[in-house]
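Read the structure below first, then the notes.
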2 protein chains.
Amino acid sequence: MSQLDTKTRILDAGEHLFARDGFHNTSLRAITSLAKVNLAAVNYHFGSKEALLQTLIERRLLPLNQLRKEQIDAVLAAAAATGAAPSARALLRAFIEPTLAFRSAGPGAQDFISLVGRSMSEPDETVRNCFIGLVLPNFRLFFESLQLALPQLPTAVLMARVQFTIGAMSHVMCTSHKPIINDPSAPKPLDDTALIEQLLQFVTSGLEAPQ
Amino acid sequence: MSQLDTKTRILDAGEHLFARDGFHNTSLRAITSLAKVNLAAVNYHFGSKEALLQTLIERRLLPLNQLRKEQIDAVLAAAAATGAAPSARALLRAFIEPTLAFRSAGPGAQDFISLVGRSMSEPDETVRNCFIGLVLPNFRLFFESLQLALPQLPTAVLMARVQFTIGAMSHVMCTSHKPIINDPSAPKPLDDTALIEQLLQFVTSGLEAPQ
DNA sequence: AGCGTTTTCAAACAGATGTTTTAATCGTCT
DNA sequence: AGACGATTAAAACATCTGTTTGAAAACGCT
């Protein structure tokens with residue numbers, strides 16, 4: 001209940017506020033106040049606001065990356081066993097499902113995923129670099145596996161299509177709970193499981209489309 | 001060369017910096033310094049930083065919205081003339097092409113499009129509301145037209161797929177010039193025209209996918 | 001209990017932020 | 001030329017920012 005608890009409370013509060021208001025629009029005072037912790041605690045435990053962000057991202061992203069890697073590797077291994085190329089759909093599932101399903105890990109995880117989703121198009125180098133650096137090896141593996149699944153596509157075309165996929169996915173990650181069109185007449189949106197299946201269907205069709 | 005020029009210079013500088021660094025990470029001093037204008041000019045001409053953002057968004061978005069509306073209406077009219085339902089592809093083109101092609105309108109337009117792309121997932125209510133309010137009627141028209149094109153899809157499913165489409169599109173809008181994977185070995189990315197065609201092909205396949 | 005380390009706390013720091021104020025300047029009419 | 005409204009300019013405003021300081025408190029250990 002001593003320092004570890006303080007650190008965790010700061011991480012949780014930061015995660016929540018960074019996700020809700022953005023990095024630059026969140027003050028250390030807001031974080032420490034929500035965490036019920038002294039203002040100086042952030043700099044004492046993490047060194048700086050930026051280092052807090054880094055720690056906070058790593059805490060969730062490293063396990064998530066490993067999970068995604070395991071899933072992709074499993075798909076590749078299964079394909080190699082049969083001698084066939086891996087299917088695009090299976091690879092997409094291996095990459096997307098752990099990410100979106102991760103939100104069910106708790107309310108903090110939900111916040112985190114929307115923070116990650118937004119970081120994809122973050123203008124600020126502070127946030128973007130911190131994030132891209134951690135996720136790049138994962139992306140590379142994903143991309144190279146897809147090249148095996150869709151060898152007929154030129155690299156530049158596949159790269160564009162993966163960019164679209166990432167876009168659709170990250171948009172879901174940060175806006176799935178606030179739909180753009182929000183009428184009283186609108187039907188209730190899909191639940192998480194159905195949304196994942198729909199996204200998979202959408203991006204699989206897009207990736208596999210004839211050129 | 002008097003007030004109009006000052007106002008325009010502020011708008012241009014704000015557009016550039018908001019797009020590059022984000023709204024909250026851009027100071028009025030940075031804007032007025034780039035615009036070679038006195039600091040107080042922003043508050044004098046626009047009232048506040050937030051009102052500057054609003055003005056700046058409206059300047060480009062109102063014409064763009066009208067263009068998109070014209071294109072969609074044209075597709076609907078052509079379909080009505082033949083008695084057939086409009087095609088999803090034609091509607092997607094009517095919505096997407098003017099938006100992405102708008103970037104060629106000049107260097108400022110390029111900045112603006114990436115600002116708009118990011119606003120889709122903006123956490124801050126200031127930016128998000130300012131933007132969503134202007135673009136909502138356009139989205140509604142787009143969505144309702146797609147319902148005509150794809151009547152077999154349940155509304156909730158179509159809504160999810162439109163969300164994916166918006167995600168892919170806005171991600172292209174703000175990151176097409178900084179690809180995630182940027183190796184020396186990577187091939188040179190597609191040019192603007194090819195990118196638009198690829199995006200169209202991708203989202204058309206996704207939207208029309210069997211359920 | 002007593003000592004050394006780690007953690008907490010209140011206060012202050014220097015700098016940046018959006019906004020306002022007051023006076024000077026410009027442009028345009030009569 | 002003179003006068004009035006619109007625009008610019010420099011300076012100051014209060015507030016908020018991340019960070020640092022130095023002392024107090026809590027902790028673990030023998």
Side-chain angles (χ1 to χ4, degrees), chain A residues 1-59 115 119 122-131, chain B residues 1-57 59 115 122-131:
Chain A
M1 163 67 182
S2 59
Q3 88 264 22
L4 211 150
D5 211 35
T6 297
K7 279 176 103 162
T8 309
R9 284 215 306 274
I10 293 176
L11 287 170
D12 290 343
E15 180 170 71
H16 178 68
L17 293 178
F18 285 160
R20 202 192 58 184
D21 303 330
F23 179 70
H24 282 287
N25 206 23
T26 300
S27 70
L28 289 183
R29 282 163 181 83
I31 294 174
T32 54
S33 148
L34 176 62
K36 296 192 206 313
V37 150
N38 188 269
L39 168 62
V42 170
N43 287 279
Y44 175 76
H45 284 288
F46 300 95
S48 69
K49 184 184 180 184
E50 197 170 328
L52 166 63
L53 175 71
Q54 175 87 31
T55 310
L56 176 159
I57 292 185
E58 282 176 7
R59 174 176 69 150
L115 175 62
S119 301
E122 184 69 41
D124 178 39
E125 298 287 330
T126 306
V127 184
R128 188 178 158 83
N129 289 343
C130 171
F131 176 78
Chain B
M1 163 68 181
S2 60
Q3 88 263 22
L4 212 149
D5 211 38
T6 298
K7 279 175 102 163
T8 309
R9 287 217 304 275
I10 293 176
L11 287 170
D12 290 342
E15 180 170 71
H16 179 68
L17 294 178
F18 286 160
R20 202 192 58 185
D21 303 329
F23 179 69
H24 283 287
N25 206 24
T26 300
S27 71
L28 290 183
R29 281 162 182 83
I31 294 174
T32 54
S33 147
L34 176 61
K36 295 192 207 313
V37 149
N38 187 270
L39 168 61
V42 170
N43 288 278
Y44 176 76
H45 284 289
F46 300 96
S48 69
K49 183 185 180 183
E50 197 169 327
L52 166 63
L53 175 71
Q54 175 89 28
T55 310
L56 175 158
I57 291 185
R59 174 175 70 150
L115 175 61
E122 183 70 41
D124 178 38
E125 298 287 330
T126 306
V127 184
R128 187 177 158 84
N129 289 343
C130 172
F131 176 79

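First the proteins, then the strands, lettered A, B, ... as listed; each starts at 1.
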Write down the protein N/O and nucleotide N/O pairs, taken from nucleotides 24-26 of chain D, whose separation is under 3.5 Å; answer none if there are no such pairs.
none

Write out a two-atom table: protein N or O, nucleotide N or O from nucleotides 9-14 of chain D, distance below 3.5 Å.
none

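Each of A/G47 and A/N25 was matched to the nucleotide of DNA chain D holding its nearest heavy atom; the match closer to the 5' end belongs to A/N25.
Of the residues in residues 12-21 of chain B, not one comes within less than 4.0 Å of DNA chain C through any heavy atom.
Summarising the geometry, the separation between CG on B/D5 and C1' on D/dT7 is reported as 13 Å, rounded to the nearest angstrom. As rounded to whole Å, 9 Å separates atom P of C/dG18 from atom CG of B/N43. In this structure, the NZ atom of A/K7 is 12 Å from the C1' atom of C/dT6, given to the nearest Å. As rounded to whole Å, 16 Å separates atom C1' of C/dT17 from atom CG of A/L28.
Residue pairs meeting the ring-ring contact (aromatic ring centres under 6.0 Å, His included) criterion with at least one member in residues 23-44 of chain A, sequence neighbours excluded: A/F18-A/F23.
Proximity note for B/K49 (side chain, C-beta onward) versus C/dT8, D/dT7, C/dG18: the nearest is C/dG18.
Counting heavy atoms from C-beta outward, B/L56 and B/L115 have side chains that approach closer than 4.5 Å.
Under 4.0 angstrom from either OP1 or OP2 of C/dT17 there lies at least one side-chain N or O belonging to B/S27. Proximity of A/H45 to the phosphate of C/dT8: a side-chain N or O atom is located under 4.0 Å from OP1 or OP2. Distances shorter than 4.0 Å separate some side-chain N or O of A/T6 from OP1 or OP2 on C/dT8.
If you check every strand for non-hydrogen atoms under 4.0 Å, B/T32 touches nothing.
Residues satisfying the side-chain contact (heavy atoms from CB on, under 4.5 Å) criterion with B/A40, sequence neighbours excluded, are B/N38. For A/L39, the side-chain contact (heavy atoms from CB on, under 4.5 Å) partners are A/L28, A/R29, A/T32, not counting sequence neighbours.
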